[in-house]
Asker: 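My structure is below; once you've seen it, I'll send some questions.
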Number of protein chains: 2
Amino acid sequence: MADDTKGYVLDNQVGYLLRRATQRHIGIFGQALPELTPTQFAALAKICELGAVSQNALGRATAMDAATIKGVVDRLRDKGLIASTQDANDKRRLLLAASDEGRALYESLTATALRISAETLEPLSEDERIAFVEMLARLG
Amino acid sequence: MADDTKGYVLDNQVGYLLRRATQRHIGIFGQALPELTPTQFAALAKICELGAVSQNALGRATAMDAATIKGVVDRLRDKGLIASTQDANDKRRLLLAASDEGRALYESLTATALRISAETLEPLSEDERIAFVEMLARLG
DNA sequence: CCGCGTTTGTTGGTGTACAAACGGATTTTG
DNA sequence: CAAAATCCGTTTGTACACCAACAAACGCGG
């Protein structure tokens, strides 16, 4: 029977550990970059990366469903970081683009964002960070 | 300058990857165990693990703040899986305990829960799973 | 060109998640 | 012992996150 195999222990389950790690990361993010939430920053980053996109396409690019991306886009627009216009060729589509302020903010914040990633991974050694991120990407 | 060092790419950031991995895990959980959410199952598991606890203590044991655990406890009680009574020694406290149904459900579901964890980690090799979970625990 | 399936964005509902503020109970401390 | 600090649970407000249902617009096959 050896050790404690076979028992269910919450604290060892991936799902629980993922939740805790995410909580810690969001805490670090909020400390270092209070202007935007991680989700808002992700959406802004993707808009800057992709140029003009429709709202749903942005959602797909950032792993948010249609209902979620709507709220995020609304908040970014309220802050004046992005602008939306009707697509002339397809009247259903909202074309989104970063405003000058949005792009400037994004560019001024990428260094901070990288620092946040580093701080999140800080409990791991150099080699471990690389291996961990690579494995994590496979779980997405 | 070698490769692409230095640039900020959303898809390589831990926070984003954590979010995606969590999404996938929650999807797997919902498929395999639709009766409860991952959070509700975590709370029920901890109650069964710890015996009687106060509401806030349960929150701390499951990494949920007071406002969050309240909603989770309310829903578990609505389902008849846990019961709450006033603590006689400390009139502030709500003492929580699993009902017979709650305990039975928990015990009948631990095997499924373990299978969910395994399926979440399925893209990794045996050795990788162990290393990954250990590192993930350090990030919490 | 017409109908039908699909896509786009919106809304409503549920469930985490956290901050801030609160009243009441308890504990600590002067 | 009385005042201060703390802890308990609750409420309110904001922000994801997803499901299901919807109307308008699009596009394709017949």
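In what follows, every chain begins at residue 1, and chains take the letters A, B, ... in the order their sequences are listed.
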Asker: Anything under 30° is parallel, anything over 60° is perpendicular, the rest tilted; go ahead and classify B:Phe41 against B:Tyr106.
Answerer: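 Plane angle between 30° and 60°, so tilted.
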Asker: So A:Asn89, base contact, sugar-phosphate only, or nothing? Heavy-atom distance under 4.0 Å.
Answerer: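 Sugar-phosphate contact only.
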Asker: Measure from the side-chain N and O atoms of A:Ser54 to the backbone N and O of A:Arg93, and report whether any donor-acceptor pair falls under 3.5 Å.
Answerer: no
Asker: For residues 67-81 of chain A, which residues have at least one heavy atom under 4.0 Å from DNA chain D?
Answerer: A:Ala67, A:Thr68, A:Val72, A:Arg75
Asker: For A:Met64 and for A:Arg92, find the nucleotide of DNA chain D with the closest heavy atom, then tell me which residue's nucleotide is more 5'.
Answerer: A:Met64
Asker: Name the nucleic acid region contacted by A:Asp65, choosing base, sugar-phosphate or nothing; use a 4.0 angstrom heavy-atom cut-off, strictly under.
Answerer: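 Base: the residue A:Asp65, judged by heavy atoms under 4.0 Å, touches a nucleobase.
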Asker: Checking B:Ser99 side chain against B:Leu81 main chain: does a donor-acceptor pair fall under 3.5 Å?
Answerer: yes
Asker: Whole angstroms only, please: what is the CD-P distance between A:Gln55 and C:dT11?
Answerer: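 Checked: the CD to P distance equals 11 Å.
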Asker: Would you sort out whether A:Leu76 and A:Leu36 count as a side-chain contact (heavy atoms from CB on, under 4.5 Å), showing the intermediate values?
Answerer: CA-CA 9 Å; A:Leu76 287 175; A:Leu36 296 174; 4.1 Å; yes
Asker: Tell me: CG of A:Leu18 to C1' of C:dA17, nearest whole Å?
Answerer: 16 Å
Asker: Determine whether more than 12 heavy atoms belonging to other residues, nucleotides or ligands lie under 6.0 Å from atom CG of B:Asp100.
Answerer: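 Incorrect, the count does not exceed 12.
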Asker: Would you please name every residue forming a salt bridge (charged side-chain N to carboxylate O under 4.0 Å, His left out) with B:Glu119, sequence neighbours left out?
Answerer: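 By the salt bridge (charged side-chain N to carboxylate O under 4.0 Å, His left out) rule, B:Glu119 matches no residue at all.
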Asker: Reading DNA chain D from 5' to 3', where do the contacts with chain B start and stop? Cut-off is 4.0 Å to heavy atoms.
Answerer: D:dC7 to D:dC18
Asker: Among residues 23-48 of chain B, which residues get a heavy atom nearer than 4.0 Å to DNA chain D?
Answerer: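 Within residues 23-48 of chain B, the residues near DNA chain D are B:Gln23.
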Asker: Assess, by modelled atom type and distance only, whether the side chains of A:Arg19 and B:Thr22 contain a donor and an acceptor separated by less than 3.5 Å.
Answerer: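 No pair is found: no donor N or O on one side chain lies under 3.5 Å from an acceptor on the other.
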Asker: Rounded to whole angstrom units, what separation is found between the CG atom of A:Asp87 and the C1' atom of C:dG9?
Answerer: 13 Å
Asker: Could you see if B:Phe29 belongs to whatever hydrophobic cluster contains B:Val72? Use Ile, Leu, Val, Met, Phe, Trp, Tyr and a side-chain cutoff under 4.5 Å.
Answerer: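 Same cluster: B:Phe29 reaches B:Val72 through Ile, Leu, Val, Met, Phe, Trp or Tyr contacts under 4.5 Å.
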Asker: Indicate yes or no for a side-chain donor-acceptor contact from B:Gln13 to the backbone of B:Val9 under 3.5 Å, with no hydrogens or angles considered.
Answerer: yes
Asker: List the atom pairs, donor and acceptor, that lie under 3.5 Å between side-chain atoms in residues 120-127 of chain A and the rest of the protein, sequence neighbours left out.
Answerer:
unit_1: A:Thr120; atom_1: OG1; unit_2: A:Ile116; atom_2: O; d: 2.9
unit_1: A:Ser125; atom_1: OG; unit_2: A:Glu128; atom_2: N; d: 3.3
unit_1: A:Ser125; atom_1: OG; unit_2: A:Glu128; atom_2: OE1; d: 3.4

Asker: Give the table of side-chain donor-acceptor pairs shorter than 3.5 Å for residues 55-65 of chain A, with sequence neighbours excluded, one pair per line with atom names and distance.
Answerer:
unit_1: A:Thr62; atom_1: OG1; unit_2: A:Leu58; atom_2: O; d: 2.7
unit_1: A:Thr62; atom_1: OG1; unit_2: A:Gly59; atom_2: O; d: 3.3
unit_1: A:Asp65; atom_1: OD1; unit_2: A:Ala67; atom_2: N; d: 3.3
unit_1: A:Asp65; atom_1: OD1; unit_2: A:Thr68; atom_2: N; d: 2.9
unit_1: A:Asp65; atom_1: OD1; unit_2: A:Thr68; atom_2: OG1; d: 2.8

Asker: Indicate whether OP1 or OP2 belonging to C:dT8 is found under 4.0 Å from a side-chain N or O atom of A:Arg93.
Answerer: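 Answer is yes, contact under 4.0 Å.
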